[in-house]
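Worksheet: the structure to be examined is printed underneath.
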Amino acid sequence: MRLPAHPRPTRGGWRVGTSLRLDGGRSASDDPALAGLPEIRRTLRGRLYASHRLDPHWGLGLGVSTDLLGRHGGTLANAGLGYGNRLGDLGTWGIGGGLTWGDATYLRTHHGIDAASALATGRRAYEPGAGWVSASLGASGTAR
């Protein structure tokens, strides 16, 4: 669940905003593959983001979100770049991509396996550090 964000225009064409999101956590009942792994508690995430129109077609977006309740949710940062154009009177199209980076707390909570969980499940212990979480590429279109 994301509360409405309120972007504000600022100097130089940048728009900045904030939002809050309820992060639902994770339970072993979500997927049998999670059996024996610790649950991830729900938390409230705060997000600060900025976007900038580079020219009439290209746009840049940056953001950072963090666990506001200190429930080991960590911090995520993302950057994206997109291109959009009109299809005459037919509509619009666009393409874009982005990268997301997570701090060590986020990656250990969501992807790590501590020694106790490894022993209980027969899995190998895994303690990741900070690093890349995901990369995305997408396309969109709207018709009038």
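Only heavy atoms go into these numbers, but all of them, side chains included; no hydrogens, no water, no symmetry mates. We're numbering straight along the sequence, starting at 1.
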Holding to ring-ring contact (aromatic ring centres under 6.0 Å, His included), I want the full list of residues that pass it with Tyr83, two or more places apart in sequence or in another chain.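 Checked Tyr83 against ring-ring contact (aromatic ring centres under 6.0 Å, His included); matches are His57, Trp58, Trp93.
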Non-neighbouring partners of [X] that pass side-chain hydrogen bond (donor to acceptor under 3.5 Å, both in side chains), sequence neighbours left out:
| X | answer |
| --- | --- |
| Asp103 | none |
| Thr109 | none |
| Thr105 | none |
| Ser51 | none |

Check the hydrophobic clustering (I, L, V, M, F, W, Y; side-chain heavy atoms under 4.5 Å; chains of links allowed) and say if Val64 and Leu60 are grouped together. no
When you group the ILVMFWY residues by side-chain heavy-atom contacts below 4.5 Å and let the links chain together, are Leu48 and Leu68 in the same group?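 Each belongs to a different hydrophobic cluster.
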Residue pairs passing the side-chain hydrogen bond (donor to acceptor under 3.5 Å, both in side chains) test where at least one lies in residues 114-131, sequence neighbours excluded: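 Qualifying pairs, neighbours excluded: Asp114-Ser117.
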Please give me the minimum heavy-atom distance between [X] and [Y], naming the atom from each residue.
| X | Y | answer |
| --- | --- | --- |
| Val16 | Ala50 | CG1-CB, 3.8 Å |
| Tyr106 | Gly73 | CD1-O, 3.2 Å |
| Tyr49 | Thr18 | CE2-N, 3.7 Å |
| Ala130 | Trp101 | CB-CZ2, 3.5 Å |

Report the distance from atom CG of Leu119 to atom CD1 of Ile113, rounding to the nearest 0.5 Å.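 It is 12.5 Å, given to the nearest 0.5 Å.
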